[in-house]
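In what follows, a single structure is set out as structure tokens and then discussed.
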Amino acid sequence: MAATATDRLATVQSDIRAAEAEYNRSAGSVTLVAVSKTFEAEEIRPVLEAGQRVFGENRVQEAMGKWPALRSDFTGIQLHLIGPLQSNKAKEAVATFDVIHTIDREKIARALKAEMLAQGRELPCFIQVNTGEEPQKAGISPKDADAFIRLCREDIGLSVVGLMCIPPVEEAPGPHFALLEKIAARNGLSQLSMGMSSDYETAVSFGATHVRVGSAIFGGRG
């Protein structure tokens with residue numbers, strides 16, 4: 001019989017706990033963000049029923065379409081925006097999500113802060129760092145990260161809790177995770193959003209506090 005999403009969820013959770021133990025991380029120190037982008041509400045329900053409560057979505061509109069009904073049926077859901085955000089979607093993003101992982105430019109940082117003030121919601125934020133300096137990928141350059149973190153915290157007043165990265169597909173992820181951890185440490189940031197289905201255990205070894213796992217739970221996307 002083919003493994004179900006709940007079977008795969010249990011495997012990922014077990015792998016994370018084992019990695020925490022192996023790398024001397026405290027039990028429960030790594031948050032699993034189940035990446036439910038492109039999957040319908042009915043495909044997500046079994047994972048919710050299995051107890052998973054933290055989910056990641058890439059697109060504001062998609063999240064707005066499926067999560068209100070799921071939130072009405074399940075308590076304690078925490079929704080993380082893990083895809084790039086346009087400033088004209090800031091209002092909907094602040095209303096829909098609980099955590100933002102992908103701040104990488106001043107315009108979006110200011111738009112989000114304005115919406116948080118307007119809606120009375122203070123969302124924890126991660127700054128996305130383009131550790132591979134890939135031109136096609138979102139994220140602030142590593143060399144500009146310190147100044148941008150300072151701008152977001154001190155000038156704009158965002159609640160910056162950590163950093164996020166997506167290493168280049170064709171490169172070993174370890175050096176990228178190490179770079180992100182180094183930038184975070186020197187800026188006094190304790191949270192690291194890094195690691196996906198293919199490398200989340202490696203990410204745990206480099207200090208990840210949030211791993212974003214999609215296909216290893218939900219299976220391949222059609």
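Any value given below was found using the heavy atoms of this structure, including those in side chains, with hydrogens, waters and symmetry copies removed.
Between the Asp104 side chain and the Gln128 main chain, no donor and acceptor come within less than 3.5 Å of each other. Remark: side-chain polar atoms of Asp7 are paired, donor with acceptor, to backbone N or O of Thr4 under 3.5 angstrom. Checking side-chain atoms of Glu92 against main-chain N and O of Gln61 turns up no donor-acceptor pair under 3.5 Å. At least one donor-acceptor pair under 3.5 Å links the side chain of Arg25 to the backbone N or O of Val204. Judged by distance alone, the side chain of Thr102 and the main-chain N or O of Ile82 form no donor-acceptor pair under 3.5 Å.
Phe39 and Gly219 get closest at one heavy-atom pair: CZ-O, 3.6 Å. Taking every heavy atom of both residues into account, Ser197 and Val213 meet most closely at OG-CG1, 3.5 Å. In plain terms, the two heavy atoms of Val160 and Cys152 that are nearest each other are CG2-CB, 3.9 Å. Closest approach of Thr96 to Ala63, counting heavy atoms only: CG2-CB, 4.0 Å. Across all non-hydrogen atoms, the minimal contact from Glu133 to Ser141 is OE1-OG, 3.3 Å. When all heavy atoms of Ala50 and Leu9 are compared, the closest pair comes out as CB-CD2, 3.8 Å.
Annotation: the span from Arg212 atom CZ to Ile166 atom CD1 amounts to 5.5 Å, rounded to 0.5 Å. Note: Ile149 CD1 to Ile103 CD1 = 11.5 Å, rounded to the nearest 0.5 Å. Atom CG of Leu151 and atom CG of Asp144 lie 11.5 Å apart (nearest 0.5 Å). For the atom pair OG (Ser29) and CD1 (Ile16), the distance works out to 10.0 Å, reported to the nearest 0.5 Å. The line from NZ of Lys89 to CG of Leu81 is 12.0 Å long, rounded to the nearest 0.5 Å. One finds the NZ atom of Lys66 at 12.5 Å from the CZ atom of Arg45 (value rounded to the nearest 0.5 Å).
Applying the ring-ring contact (aromatic ring centres under 6.0 Å, His included) definition to pairs two or more places apart or across chains, those involving residues 126-180 are His101-Phe126, Phe126-His210. Identified under the ring-ring contact (aromatic ring centres under 6.0 Å, His included) test for residues 44-64, with sequence neighbours left out: Phe55-Trp67. Here ring-ring contact (aromatic ring centres under 6.0 Å, His included) pairs that include residues 5-32, with residues two or more places apart or in two chains, number zero.
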Can I get a per-line list of side-chain donor-acceptor pairs under 3.5 Å for residues 107-121, giving both atom names and the distance, sequence neighbours left out?
| unit_1 | atom_1 | unit_2 | atom_2 | d |
| --- | --- | --- | --- | --- |
| Arg110 | NE | Glu106 | OE2 | 2.8 |
| Arg110 | NH2 | Glu106 | OE2 | 3.0 |
| Arg110 | NH2 | Asp155 | OD2 | 2.7 |
| Lys113 | NZ | Glu122 | OE1 | 3.3 |
| Lys113 | NZ | Gly157 | O | 2.8 |
| Glu115 | OE1 | Gln119 | NE2 | 3.1 |
| Gln119 | OE1 | Ala95 | N | 3.3 |
| Gln119 | NE2 | Lys91 | O | 3.0 |
| Arg121 | NH1 | Val94 | O | 2.5 |
| Arg121 | NH1 | Phe97 | O | 2.8 |
| Arg121 | NH2 | Asp98 | OD1 | 3.1 |

Sequence neighbours left out, cut at 3.5 Å: what donor-acceptor pairs do the side chains of residues 179-189 make with other protein atoms?
| unit_1 | atom_1 | unit_2 | atom_2 | d |
| --- | --- | --- | --- | --- |
| Arg186 | NE | Asp146 | OD1 | 3.1 |
| Arg186 | NE | Asp146 | OD2 | 2.9 |
| Arg186 | NH2 | Asp146 | OD1 | 3.4 |
| Asn187 | ND2 | Asp146 | OD1 | 2.8 |
| Asn187 | ND2 | Ile183 | O | 2.8 |

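By the criterion of side-chain heavy atoms lying less than 4.5 angstrom apart, applied directly or through intervening Ile, Leu, Val, Met, Phe, Trp or Tyr residues, Val54 is not grouped with Met194; the two fall into different hydrophobic clusters. Note on Met196 and Leu163: separate hydrophobic clusters, where clusters join Ile, Leu, Val, Met, Phe, Trp and Tyr whose side-chain heavy atoms are under 4.5 Å apart, directly or indirectly. Linking Ile, Leu, Val, Met, Phe, Trp and Tyr whenever their side-chain heavy atoms come within less than 4.5 Å leaves Val33 and Tyr200 in two separate clusters. Both Leu123 and Ile156 are members of a single hydrophobic cluster when ILVMFWY side chains are connected at heavy-atom separations under 4.5 Å. Note on Met164 and Leu85: separate hydrophobic clusters, where clusters join Ile, Leu, Val, Met, Phe, Trp and Tyr whose side-chain heavy atoms are under 4.5 Å apart, directly or indirectly.
Taking Ile, Leu, Val, Met, Phe, Trp and Tyr as hydrophobic and joining them when side-chain heavy atoms fall under 4.5 Å apart, one finds Val169 isolated, its cluster having no other members.
The side-chain heavy atoms of Leu48 and Arg53, taken from C-beta on, include a pair separated by under 4.5 Å. Contact annotation: the side chain of Val161 never approaches that of Val99 to less than 4.5 Å [non-hydrogen atoms, C-beta and beyond]. No side-chain heavy atom of Glu201 sits under 4.5 Å from any side-chain heavy atom of Glu22.
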Show the numbers, then the answer: is there a side chain to side chain donor-acceptor pair (under 3.5 Å) between Glu57 and Ser36?
-> CA-CA 6 Å; Glu57 290 281 346; Ser36 49; 2.7 Å; yes
When you look at Arg59 and Glu62, which way does the salt bridge (Lys or Arg N to Asp or Glu O under 4.0 Å) test go after all the steps?
-> CA-CA 5 Å; Arg59 297 178 183 277; Glu62 182 185 340; 5.1 Å; no
Walk me through it: do Arg71 and Leu79 pass the test side chain to side chain contact (heavy atoms under 4.5 Å, CB included)?
-> CA-CA 10 Å; Arg71 284 188 191 270; Leu79 204 55; 3.3 Å; yes
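Within 6.0 Å of the CD atom in Gln78, the count of heavy atoms belonging to other residues, nucleotides or ligands exceeds 12.
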